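Along the sequence shown, residues carry numbers from 1. These figures come from a predicted structure and were not determined experimentally. Heavy atoms only: backbone and side chains are in, while hydrogens, waters and symmetry mates are out.
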Amino acid sequence: MLEPPADLSNETLVACLQDRYALTISAIEHLPLGHDSAAWVYRVEARDGAAYFLKLRLRVTNEAGLLVPRYLQDHGVRHVVAPLLTVDGVLWTRAGAYAVLLYPFVEGRTGMRQGMTDAQWVEYGRLLRQIHETVVRPAVTPELAWRLGRDTFRPDGADQVQRLDAEIGERTYADPLHAELARSWCSRRAQIRTVHERARQFGSQIAALRPPLVLCHADIHTNNVLVDPTSQLWIADWDETILAPRERDLMFAIGGISSRHVTPHQEVLFLEGYGPVEVNPLALAYYRCAWAVSDIGAYGEQVMARPDLGPATRQECVERFESLFEPGSIVDIALGSVIPDAWGR
């Protein structure tokens, strides 16, 4: 989020880190990053010179997102960013009303921001294949096996979109950002309803096929791929990790969620690293539509129903909502997905 939470001071965070992680902090800086309205991030420096990435959440909704990266590190997938343990040996703690998660700070920039070389696109594919082929064995890690969810093929945000679509109309709004979002929503209502219906339809169809599930990051666009000063890739932000068809992750490189983020050449390089795979176009179409629905619902909700968010954050949400419908962006890609008849039977 662009603004830090108003009800949590830096002094409280510093005291938490000292008490729960035995760190003596010399500097803490809020970073205006991320699109999750329930998360805030900071760069923290300890007195010994070590740097850390601090993440706050309103709640931890998917503990598998903390357990999975540590599990992967223990099973040979080295370049993942995993949370650090508290002095009590747990993966997160609390400061006031917020969950506190601490990670090593990877110096560098994201692949989306700075771009990736051909060799890094190949490595991106290789790393993702390694993740997908990692088997979570209940006998080895019963806690992770119990907490790791399975895809239900019901798109996140579908209920939000349906509710917002029923509430938003062509009327006068006192809040100028409400008015701006409502105008944009009304002008795109047909597209919103179409992508919402396709997400529900494709989800039911792919569920009926009972596709094989693999360990998925579930948010592995190149903004969650960090490039360090040695050009090594690191996979970060495991909040959404789940067992799902591999297309849940592959959609970020096969076509992508925006034509600005993946070129046909980069897709070829990614698949060179990933290796042979038969992609289910129905699953790919479902995940594209589901991603569009999730973003439409999230940005709409943040503008229309989150007065606790700062004005800069809410203004950015309006702009991001509108960007979803630009040519080559996710709604365009989702509605342009082609599914051969044989895959839907």
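Atom CG in Leu31 sits 8.5 Å away from atom CZ in Arg43 (nearest 0.5 Å). Atom-to-atom distance recorded for Thr222:OG1 and Gln266:CD is 8.0 Å, nearest 0.5 angstrom. Note: Ile168 CD1 to Leu181 CG = 5.5 Å, rounded to the nearest 0.5 Å. Summarising the geometry, atom SG belonging to Cys289 is positioned 10.5 Å from atom CD belonging to Glu197; distances are rounded to the nearest 0.5 Å. Remark: Ser323 OG to Glu316 CD distance equals 9.5 Å, nearest 0.5 Å. Going from atom CG of Asp308 over to atom CD of Gln302 covers 10.0 Å, rounded to the nearest 0.5 Å.
Arg129 has its side chain out of reach of Arg126: every pair of non-hydrogen atoms, C-beta onward, lies at least 4.5 Å apart. Ile296 is not listed as a side-chain neighbour of Leu164, based on a closest heavy-atom distance of 4.5 Å or more. Counting heavy atoms from C-beta on, the side chains of Phe202 and Pro155 never come closer than 4.5 Å. Looking at heavy atoms from C-beta onward, Asp118 lies in side-chain contact with His265 at the 4.5 angstrom threshold. Residues Leu67 and Trp146 form no side-chain contact, since every pair of their non-hydrogen atoms from C-beta on lies 4.5 Å or further apart. Here the side chains of Arg70 and Thr141 are not in contact, with every heavy-atom distance at 4.5 Å or above. The closest side-chain heavy-atom distance from Cys317 to Arg320 is not below 4.5 Å. Put simply, the side chain of Val225 does not reach to within 4.5 Å of the side chain of Leu127, judged on heavy atoms.
Residues meeting the salt bridge (charged side-chain N to carboxylate O under 4.0 Å, His left out) test with Arg183, sequence neighbours left out: none.
Between Tyr42 and Asn10, the side chains place no donor N or O within less than 3.5 Å of an acceptor N or O (distance only, hydrogens not considered). Defined by atom type and a distance below 3.5 Å, a donor-acceptor pair is present between the side-chain atoms of Asp165 and Trp185. A side-chain donor from one of His132 and Asp249 sits under 3.5 Å from a side-chain acceptor of the other.
Although no hydrogens or angles enter the test, the distance criterion places a donor-acceptor pair under 3.5 Å between the side chain of Ser26 and the main chain of Glu45. Side chain of His178 to backbone of Val303: a donor-acceptor contact under 3.5 angstrom is found. Between the side chain of Asp88 and the backbone N or O of Val90 there is no donor-acceptor pair closer than 3.5 Å. Under the 3.5 Å distance criterion, the side-chain polar atoms of Glu107 are left unmatched by any main-chain donor or acceptor of Pro229. With hydrogens and angles ignored, the 3.5 Å screen pairs a side-chain donor or acceptor of His75 with a backbone N or O of Tyr71. At distances below 3.5 Å, at least one donor-acceptor pair connects side-chain atoms of Ser337 with backbone N or O atoms of Ala334. The backbone N or O of Ala290 lies less than 3.5 Å from no partner atom in the side chain of Ser294, so there is not a single donor-acceptor pair. At distances below 3.5 Å, not a single donor-acceptor pair connects side-chain atoms of Gln315 with backbone N or O atoms of Leu177.
Using a cutoff of 4.0 Å between basic side-chain nitrogens and carboxylate oxygens, Asp237 and Lys55 are scored as salt-bridged.
The list of salt bridge (charged side-chain N to carboxylate O under 4.0 Å, His left out) pairs with a residue in residues 216-229, not counting sequence neighbours, is empty.
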Test log, rule salt bridge (charged side-chain N to carboxylate O under 4.0 Å, His left out), inputs Asp159 and Arg200: CA-CA 11 Å; Asp159 292 342; Arg200 288 190 179 275; 3.4 Å; yes
Trace of the ring pair (Phe, Tyr, Trp, His ring centres under 6.0 Å) decision for Phe252 with Trp291: CA-CA 10 Å; Phe252 293 105; Trp291 189 267; 5.1 Å; yes
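Leu335 and Ile333 sit in two unconnected hydrophobic clusters of ILVMFWY residues. Membership requires side-chain heavy atoms under 4.5 Å apart, directly or through other members. Grouping the Ile, Leu, Val, Met, Phe, Trp and Tyr side chains by contacts below 4.5 angstrom, directly or via other members, places Val214 apart from Tyr287. Note: the hydrophobic cluster containing Leu233 does not contain Met112 (ILVMFWY, side chain heavy atoms under 4.5 Å, direct or indirect links). Val268 and Met251 sit in two unconnected hydrophobic clusters of ILVMFWY residues. Membership requires side-chain heavy atoms under 4.5 Å apart, directly or through other members. Side-chain heavy atoms closer than 4.5 Å link hydrophobic residues (I, L, V, M, F, W, Y) into clusters, and following such links, possibly through other members, connects Leu58 to Leu54.
Across every non-hydrogen atom of Ile339 and Pro281, the tightest pair is CG1-O, 4.1 Å. Among all heavy-atom pairs drawn from Pro69 and Val81, the shortest one is CB-O, 3.8 Å. Residues Arg57 and Leu101 approach most closely at CG-CD1, 4.1 Å, considering heavy atoms. Smallest separation of non-hydrogen atoms from Ala253 and Glu267: O-CG, 3.4 Å. Smallest separation of non-hydrogen atoms from Cys16 and Thr93: SG-CG2, 3.9 Å. When all heavy atoms of Ser184 and Glu322 are compared, the pair lying nearest together is OG-CG, 3.3 Å.
Atom CZ of Arg306 has more than 12 neighbouring heavy atoms from other residues, nucleotides or ligands inside a 6.0 Å radius. Counted within 6.0 Å of CZ on Arg150, heavy atoms from surrounding residues, nucleotides or ligands total 12 or fewer; the atom is thus considered open. Under a cut-off of 6.0 angstrom, the local environment of CZ in Arg78 is sparse, with at most 12 non-hydrogen atoms contributed by other residues, nucleotides or ligands. The 12-atom threshold is not exceeded at CZ of Arg113, counting heavy atoms of other residues, nucleotides or ligands nearer than 6.0 Å.
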Which side-chain N or O atoms in residues 240-248 pair as donor and acceptor under 3.5 Å with protein atoms at least two apart or in another chain?
residue, atom, partner, partner atom, Å
Thr241, OG1, Cys216, O, 2.8
Arg246, NH1, Tyr274, OH, 2.5
Glu247, OE2, Asn280, N, 2.8
Arg248, NH1, Ala218, O, 2.9
Arg248, NH2, Ala218, O, 2.9

